[in-house]
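See below for the structure under consideration.
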Amino acid sequence: MNTASRFANQTAIVTGGLSGIGLAVVRRLRREGATVAIFDFETKPLAAAGGKPLVDELVLKVDVTNEAQVQEAVATVLAKLGRIDILVNSAGVTGKTNVKSHEVSLADFDFVLRTNVYGTFLTSKHVLPTMLAQGYGRILNLASMAGKEGNAGMAAYSSSKAAVIALTKVQGKEYAETGVTINALAPAVIQTPMVDAMPPAQVKANTDKIPMKRCGTLDEVAAMITFIVSPEASFTTGFTFDLSGGRAVY
Ligand SMILES: NC(=O)c1ccc[n+]([C@@H]2O[C@H](COP(=O)([O-])OP(=O)(O)OC[C@H]3O[C@@H](n4cnc5c(N)ncnc54)[C@H](O)[C@@H]3O)[C@@H](O)[C@H]2O)c1
């Protein structure tokens with residue numbers, strides 16, 4: 001199929017779209033015809049867009065843990081673009097890693113759960129009514145290998161991603177007959193600013209477990225995500241796709 005027009009006339013929201021995986025997805029969606037809105041609470045990574053102005057983008061300063069901000073941003077997208085076909089939930093944080101559970105502060109645990117779980121819940125909550133009215137939608141949540149296996153040293157992060165996987169299963173069932181699919185993706189290590197900020201010992205511990213003995217690339221993530229949110233991916237919902245270089249074979 002002609003992938004250049006795969007998302008023609010479609011509109012997408014990508015949270016965390018100014019960095020790493022989110023940014024790679026924004027670029028690929030735009031290249032294939034989508035109009036993309038970005039929800040991100042940072043403004044600094046704008047430079048990471050390659051210096052190119054994000055002309056047809058709506059770059060909205062949104063903290064995905066804040067329901068009022070999410071609601072207002074979704075309304076803005078609808079007012080400007082008229083529909084929402086795709087939601088990619090890529091906003092996420094690791095919190096402090098390379099620490100054992102008894103060393104994790106409640107504040108850090110709370111921060112990670114809020115961003116990764118509440119953020120995913122809130123954006124889907126406010127986008128779903130539009131997708132249901134359209135009778136079409138694709139939601140993709142960034143989970144992680146940590147949520148399937150539980151990475152030592154990453155109690156808050158692993159717990160939060162397990163919750164994202166469970167939320168995806170629930171929503172997949174709830175909306176299975178509506179034309180809206182909700183899936184997750186569980187990558188192993190992908191070299192992004194998030195991974196750059198982690199202690200090298202934690203990154204090595206995670207990367208050593210990958211049978212392909214390398215990190216995944218942003219191109220590989222974007223290719224997988226854009227398939228999952230494409231019209232072609234119509235008979236899979238509630239599922240957590242694998243992107244782990246052979247680490248998880250279930
Ligand atoms: N990089 C990896 O190896 C890896 C592996 C598995 C899963 N993931 C998941 O993929 C997603 C993206 O990761 P990444 O490596 O691209 O990270 P990143 O740090 O490069 O980008 C995350 C983006 O989310 C934004 N963000 C964070 N909290 C936010 C909030 N409350 N509201 C709005 N925006 C917020 C940040 O500003 C940033 O632009 C995350 O959910 C992460 O957990 C990443």
Side-chain angles (χ1 to χ4, degrees), residues 13-28 37-49 54 59-70 72-74 87-95 97 108 110-123 126 140-151 154 156-165 167-168 184-199 202-207 209-210 214-222 224-225 228 240-245 247-248:
I13 294 172
V14 180
T15 76
L18 290 180
S19 179
I21 291 171
L23 180 59
V25 172
V26 168
R27 287 180 166 147
R28 177 104 192 221
I38 294 173
F39 291 2
D40 202 299
F41 70 179
E42 288 285 351
T43 49
K44 107 186 138 23
L46 262 173
L54 293 163
V59 182
L60 302 176
K61 197 167 160 59
V62 182
D63 178 349
V64 295
T65 70
N66 182 316
E67 183 162 18
Q69 287 184 23
V70 169
E72 193 184 327
V74 170
L87 167 65
V88 176
N89 277 311
S90 192
V93 292
T94 60
T97 65
D108 196 57
D110 187 54
F111 167 63
V112 175
L113 267 284
R114 278 188 170 278
T115 307
N116 298 358
V117 186
Y118 292 23
T120 301
F121 161 67
L122 285 175
T123 52
H126 289 289
L140 186 278
N141 299 323
L142 264 302
S144 169
M145 197 49 44
K148 285 174 92 171
E149 301 216 331
N151 283 351
M154 302 181 80
Y157 186 75
S158 301
S159 305
S160 75
K161 294 302 185 179
V164 168
I165 290 170
L167 180 65
T168 303
L185 178 68
V189 188
I190 314 293
Q191 202 67 49
T192 68
M194 172 182 276
V195 173
D196 294 342
M198 282 163 62
Q202 185 71 58
V203 177
K204 186 174 182 326
N206 296 353
T207 311
K209 294 182 196 142
I210 299 174
R214 67 171 177 87
C215 294
T217 67
L218 287 172
D219 282 348
E220 287 169 328
V221 186
M224 176 80 96
I225 290 178
I228 297 166
T240 298
F241 286 78
D242 172 70
L243 193 81
S244 70
R247 178 173 165 191

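Just so you know, ligand 1 is whichever comes first in the structure, and atom 1 is the first atom listed for that ligand.
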Those residues that, when tested against D110, pass salt bridge (charged side-chain N to carboxylate O under 4.0 Å, His left out) (two or more places apart): R114
Heavy-atom proximity to atom 27 (C) of ligand 1, best of Y157, F111, F41: F41
With a heavy-atom distance limit of 4.0 Å, tell me whether D40 approaches ligand 1 through its side chain, its backbone, both, or neither. both
Quick test of your reading of the structure: of A188, G20, S144, G92, whose heavy atom lies closest to atom 4 (C) of ligand 1? A188
Any chance the side chains of T217 and D219 put a donor and an acceptor closer than 3.5 Å? no
Below 4.0 Å from ligand 1: does a non-hydrogen atom of A143 turn up there or not? yes
Do any heavy atoms of G119 fall under 4.0 Å from ligand 1? no
Between E220 and R214, does at least one N-O distance fall below 4.0 Å, as a salt bridge requires? yes
Under a plain distance cut-off of 3.5 Å, with no hydrogens placed, do N89 and T123 share a side-chain donor-acceptor pair? yes
If you measure from each non-hydrogen atom of V195 to ligand 1, which part falls under 4.0 Å: side chain, backbone, both or neither? side chain
Only counting residues at least two apart or in another chain, list the ones meeting ring-ring contact (aromatic ring centres under 6.0 Å, His included) with F241. F239
Any V189 heavy atom less than 4.0 Å from ligand 1: yes
Quick one: does M145 get within less than 4.0 Å of ligand 1, heavy atoms only? no
